[in-house]
Amino acid sequence: VGAAPREQPAPTILAENFEHELDASLKELFGR
Amino acid sequence: MSLVNFTAREITCKIVYYGPGRSGKTTNLQHVYGRVPEARRGRMVSLATQTDRTLFFDFLPLELGSISGFSTKFQLYTVPGQSYYNATRKLVLQGADGVVFVADSQARRFDDNLESLQNLQDNLLGQGVDIRQLPVVFQYNKQDLPRDLILTQDEMDDALNFRAVQSFSADALHGTGVFETLKGVSELVLKKLATGSQVA
């Protein structure tokens, strides 16, 4: 009997500093 | 619902601009459309009546570029604000990753704002979505009108923003607050995505 599967943490697909990248993307998009 | 394609390294998110008729939802998208370079946006699709009221919805696809190595795309939608188009609102709302509630700051539109907010909550509940779990920001539009005609941002917050989420003062016709609103909801949507993604 195998061990019960351990709960996996939710995948983190975005880097911690994604807000900066988003900010830069939006500013570029809006020509700011 | 956000789509994350790990093979193509693409993220696609759906943001819906909701609110009463004539509050400025289409004006928000028109401003974004006018500011964004052609290469970074698709064609804006608007189905309007002869008097420029939104009949079905507006749709504007945006390419944000690379975020954390993922090519990120936002699809902006508006719903028709007029009360008798609720079936369309439900359709457009399906799978939304975030909502911008565009309220009309004019005091005489107070009840229309409340009715539309209630309608948003009802329609989300009908789709099994608790509004408290969904990224939502408020935009208080038409703040450029004379003070005696409008409620201030604080007064609008008191009237509508029970969860104290982010709110933005705006004059969408001239672009004020449009960028900040989109940035606010985008951050919330991507933050939520960062901790629990749907994989395609």
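Within every chain, numbering begins at 1; the chains are lettered A, B, ... in the order of the sequence lines, protein sequences first and strands thereafter.
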Any link between Y140(B) and I150(B) through a network of hydrophobic side chains (Ile, Leu, Val, Met, Phe, Trp, Tyr) touching at under 4.5 Å?
-> no
CZ of R9(B): more than 12 outside heavy atoms within 6.0 angstrom?
-> yes
Proximity breakdown for D23(A) and chain B, heavy-atom pairs closer than 4.5 Å = both
Listed once per pair and sorted, the side chain to side chain donor-acceptor pair (under 3.5 Å) pairs that draw on residues 69-80 of chain B, sequence neighbours left out = D58(B)-T78(B)
Go through the atoms of F179(B) and report whether side chain, backbone, both or neither lie under 4.5 Å from a heavy atom of chain A.
-> both
In Å and rounded to the nearest 0.5 Å, what is the CD1 to CG distance from I67(B) to L26(A)?
-> 7.0 Å
Is there any residue in residues 33-45 of chain B with a non-hydrogen atom under 4.5 Å from a non-hydrogen atom of chain A, and which ones are they?
-> R35(B), V36(B), P37(B), R40(B)
Is V165(B) reachable from L124(B) through a run of hydrophobic residues whose side-chain heavy atoms are each under 4.5 Å from the next?
-> yes
Report yes or no: do L134(B) and L160(B) belong to one cluster of Ile/Leu/Val/Met/Phe/Trp/Tyr joined by side chain heavy-atom distances under 4.5 Å?
-> yes
Any side-chain heavy atom of K27(A) within less than 4.5 Å of one from K183(B)?
-> no
Under the side chain to side chain donor-acceptor pair (under 3.5 Å) rule, collect the residues that match up with E180(B), sequence neighbours excluded.
-> R32(A)
Shortest non-hydrogen separation from S66(B) to S25(A) and the atoms involved | O-OG, 4.2 Å
Kindly write out the residues that satisfy side-chain contact (heavy atoms from CB on, under 4.5 Å) with F110(B), not counting sequence neighbours, or none if the list is empty.
-> L114(B), L151(B), A159(B)
To the nearest 0.5 Å, how far apart are CG in L64(B) and CD in E28(A)?
-> 9.5 Å
Under a 4.5 Å side-chain heavy-atom rule over Ile, Leu, Val, Met, Phe, Trp and Tyr, are V178(B) and L173(B) clustered together?
-> no
Side-chain heavy atoms under 4.5 angstrom apart, residues restricted to Ile, Leu, Val, Met, Phe, Trp, Tyr: same cluster for F59(B) and Y18(B)?
-> yes
Please answer whether the main-chain N or O of F18(A) pairs with a side-chain N or O of S68(B) as donor and acceptor at a distance below 3.5 Å.
-> no
